[in-house]
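Just so it is clear, the model here is predicted, and its values are computed rather than measured. Throughout, numbering of the chain's residues begins at 1 and tracks the sequence.
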Amino acid sequence: MSRTINVSLKHYQNIEYGITTPTVTIALHICEILEIDPREVDEWKDRRQPN
């Protein structure tokens, strides 16, 4: 996966372990590869209360 998204293995491992937050570009690329809709990732959902 790290080669596919063009980052070092260590950087990708840090993303997996939650040590590093991926950039939007890297996160979207990972979603594309894994065929995941980024709007369905729980950690990225908007948790604000509607007005």
Which atom pair, heavy atoms only, marks the closest approach of Val41 to Cys31?
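So the minimum-distance heavy-atom pair works out to CG2-SG, 4.3 Å.
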Minimum-distance pair of heavy atoms, taken over all atoms of Ile26 and Pro22:
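So the minimum-distance heavy-atom pair works out to CG2-CB, 4.0 Å.
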Measure the spacing between [atom1] of [X] and [atom2] of [Y] and express it to the nearest 0.5 Å.
X     : Y     : atom1 : atom2 : result
Ser8  : Asn14 : OG    : CG    : 7.5 Å
Thr23 : His11 : OG1   : NE2   : 6.5 Å
Ser2  : Lys10 : OG    : NZ    : 12.5 Å

Transitive ILVMFWY side-chain link Tyr12 to Leu34, under 4.5 Å
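Hydrophobic grouping puts Tyr12 with Leu34.
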Please list all pairs passing the salt bridge (Lys or Arg N to Asp or Glu O under 4.0 Å) test where one or both residues lie in residues 20-39, with sequence neighbours left out.
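Sorted pair list: Asp37-Arg39.
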Any side-chain heavy atom of His29 within less than 4.5 Å of one from Asn6?
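No, their side chains stay 4.5 Å or more apart.
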Going by side chain to side chain contact (heavy atoms under 4.5 Å, CB included), Ile5 matches just one of Thr25, Leu28, Ile30. Which one?
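Output: one option passes, namely Ile30.
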